[in-house]
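Take a look at the structure below.
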Amino acid sequence: MTTTYVDLDVRPILIAGGEPFGDIMAAVEKLEPGQGLRLIASFKPVPLFSVLGKRGFDHSERDIGDGDWEVLFTPTGAAAAAPAPAPAATATGTGDWPAPVVSNDYRDLPPPEPMQKVIADIEAAAPGDVVSALLCRKPPILIPELEALGHAWHGDFEDGGESYRIFIRKKAD
Amino acid sequence: MIGATLSRWTMSFFSVALVALIVALVLMAAGTGYPSEGIADAGSLIVVHVTAIGWLSLLMCGALLQFLPVLVAHTLYSDALAWPALLALVVGLVALVLAFLQFGGILQTQVPYFAAAAVLLIAGFGLILWNLGATLLAAEDVPLPVWFVIAGLVAAVFTVGLGAVFATALGGGQAAWLVTLTAAGIPLHAIAGLGGWLTFTAMGVSYRLLAMFMLSPELKRQSTRIALVLGAAALAVAVVGGIVVVLANGNLMLALTAALVLAVGALVPYGMDVVFLYRKRRRPVIELNSRMAGVALANLAALAVLVVVLAVFGQLGNQAGAVVFFAAFGWLTGLGLSQLFKIVAFMTWLETYGPVMGRMPTPRVQDLVVEKRALKWFWTYHAGTWAATLALLFGLAIPFRICVVVMLAGTLGLVAQFLRTRRLLDIDAAKRLPEGTRQPQLFVSNAAKPA
């Protein structure tokens with residue numbers, strides 16, 4: 001079966017200083033079974049690879065010049081993750097987590113602002129929602145605080161260890 | 001509720017430490033100790049120990065109680081063990097000062113102050129080591145900078161151990177090895193304390209604090225490993241080797257020269273790492289804490305050059321006072337004050353605004369300090385320190401005391417800034433304490449209670 005791709009160019013949003021994550025996820029939601037997404041962005045959207053990977057998309061990217069990237073997200077046929085009840089507060093078992101409702105890049109903020117922003121993101125989310133953030137290191141103070149607050153979390157290094165992507169699932173009420 | 005990672009007693013350690021710093025500077029300004037007195041006279045010993053134990057060690061202990069758990073991503077073994085340690089260290093230091101007064105013939109009593117000081121200081125440092133050691137043992141991962149801290153803690157054991165040996169000998173111990181070690185072991189005690197415990201630990205902590213506040217990448221460099229290995233080797237040769245050489249009546253100069261070569265070999269890759277951290281930072285503007293840490297790090301480089309030059313010209317023994325002074329005040333105190341400026345603000349922010357974080361707008365950590373005002377006190381302190389070091393090198397006792405007064409002025413100016421930060425005085429009164437927050441106490445941190 002030949003995959004057809006829906007095109008989405010988020011460069012205008014990025015140039016305007018906006019956050020394209022919502023538009024990208026909305027476009028993904030609208031895809032027909034078997035359809036893929038052709039994304040054009042003014043940077044290599046590494047965070048999306050793991051987010052959409054969890055939704056059953058492979059990615060292949062190429063540099064199209066001027067710092068712009070074209071990424072093809074192709075469905076692998078794997079089932080898209082479905083929302084599931086919030087698991088216990090551990091750092092494991094994120095396979096059944098829903099896609100993040102927000103995903104922000106806080107790598108350029110001085111401490112403790114990334115922690116403050118992540119906590120605010122969690123506050124704004126509904127119980128069971130997942131929020132995600134890109135940080136410049138594994139957050140040494142945030143993680144114990146999350147555990148004390150009872151939220152589940154999962155994180156991994158990206159960019160060869162230069163960034164840390166954390167996913168937090170807000171605890172159920 | 002945020003506050004799971006706040007060390008309750010760190011602020012108490014910092015407060016007592018700053019009082020000790022002020023006391024040490026006042027004593028020096030008043031002409032107590034070297035160069036007005038001999039370097040081994042009671043006054044000098046008092047000034048050195050008030051500085052090394054009262055100021056630098058308490059500062060380091062307080063900082064480690066807060067940051068070692070952060071460095072190894074594991075909670076502190078016990079918050080409750082911290083205050084008895086502080087108490088034992090402070091009372092132990094007072095006993096030591098009284099013991100030196102007794103030793104100098106100024107205090108005429110038969111009270112065994114040396115023995116009391118040894119017992120209390122061993123207890124105090126022992127409690128700290130127990131607390132930090134148990135935290136380390138429970139940690140899953142020990143990153144490279146923490147190995148510097150571990151080496152520093154081992155050096156602390158040797159420093160305290162040698163100190164206890166001296167105290168036993170000066171308190172009347174007659175065993176031959178006690179007397180031999182006490183006669184020749186002072187440089188080893190100083191190297192283990194200033195070079196091992198304080199400098200090596202500060203190097204380890206600096207890696208992480210610089211990276212954290214400038215948003216620099218985590219170091220996984222070969223140079224860090226080389227600095228660690230050569231530095232630990234330098235300490236082992238100087239301290240362990242030195243003790244063996246002294247007891248065997250060998251050539252101590254040879255061991256210390258070998259250690260110096262190794263130490264310089266460790267400082268070069270450390271310097272490269274530090275330059276890397278500053279260059280690769282994500283934050284375009286370097287905040288005052290990291291700028292002033294840069295001055296202290298430059299002082300460390302200058303100290304290394306000074307030591308090598310003095311050693312080459314055979315003047316290291318004559319100028320030990322100037323070297324120890326510049327190590328304690330140019331490098332260690334310079335770094336300590338620069339980091340306190342940020343840590344006090346950071347901990348105060350976390351304590352005050354952590355409970356409402358993310359739920360309402362709060363002031364930023366930067367709003368708790370006024371960099372421009374602190375800057376002049378930092379430069380006052382450093383200018384005084386440089387001039388005082390030169391005065392020592394040229395043996396000028398009165399100019400030295402005047403320079404120490406300048407250092408004292410800078411220190412008092414900075415302490416006033418820390419108090420303002422702790423009191424949230426630099427925040428607009430209307431925004432200072434939003435609903436759900438409360439004014440932190442000056443000397444103790446209150447971790448937020450679970451709601």
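Note on naming: letters A, B, ... go to the chains in the order of the sequence lines (proteins, then strands), and numbering restarts at 1 for each one. Quick note: numbers below take in every heavy atom, side chains included, and nothing from hydrogens, waters or symmetry partners.
Residues A/P111 and B/F213 come closest through the heavy atom pair CG-CD2, 3.7 Å. B/S216 approaches A/R137 most closely through the heavy-atom pair O-NH2, 2.6 Å. Contact detail for A/I141 and B/V70: the closest heavy-atom pair is CG1-CG2, 4.2 Å.
With a threshold of 4.5 angstrom between heavy atoms, B/V365 approaches chain A through side-chain atoms but not through N, CA, C or O. Residue B/Y353 does not touch chain A at all, counting heavy-atom pairs closer than 4.5 Å. Neither the backbone nor the side chain of A/I122 has a heavy atom closer than 4.5 Å to any heavy atom of chain B.
Rounding to the nearest 0.5 angstrom, the gap separating the CZ atom in B/R364 from the CD atom in A/E113 is 6.5 Å. Between the CD atom in A/E147 and the OG1 atom in B/T5 there is a gap of 11.5 Å [rounded to 0.5 Å].
Atom CH2 of B/W83 sits in a sparse spot, with 12 or fewer heavy atoms from other residues, nucleotides or ligands closer than 6.0 Å.
For the options A/E162, A/E123, A/K117, A/R107, heavy-atom pairs under 4.5 Å to chain B are most numerous at A/R107. Options A/P140, A/P112, A/A124 differ in how many heavy-atom pairs under 4.5 Å they form with chain B, and the most are formed by A/P112.
B/D141 is not listed as a side-chain neighbour of A/K138, based on a closest heavy-atom distance of 4.5 Å or more.
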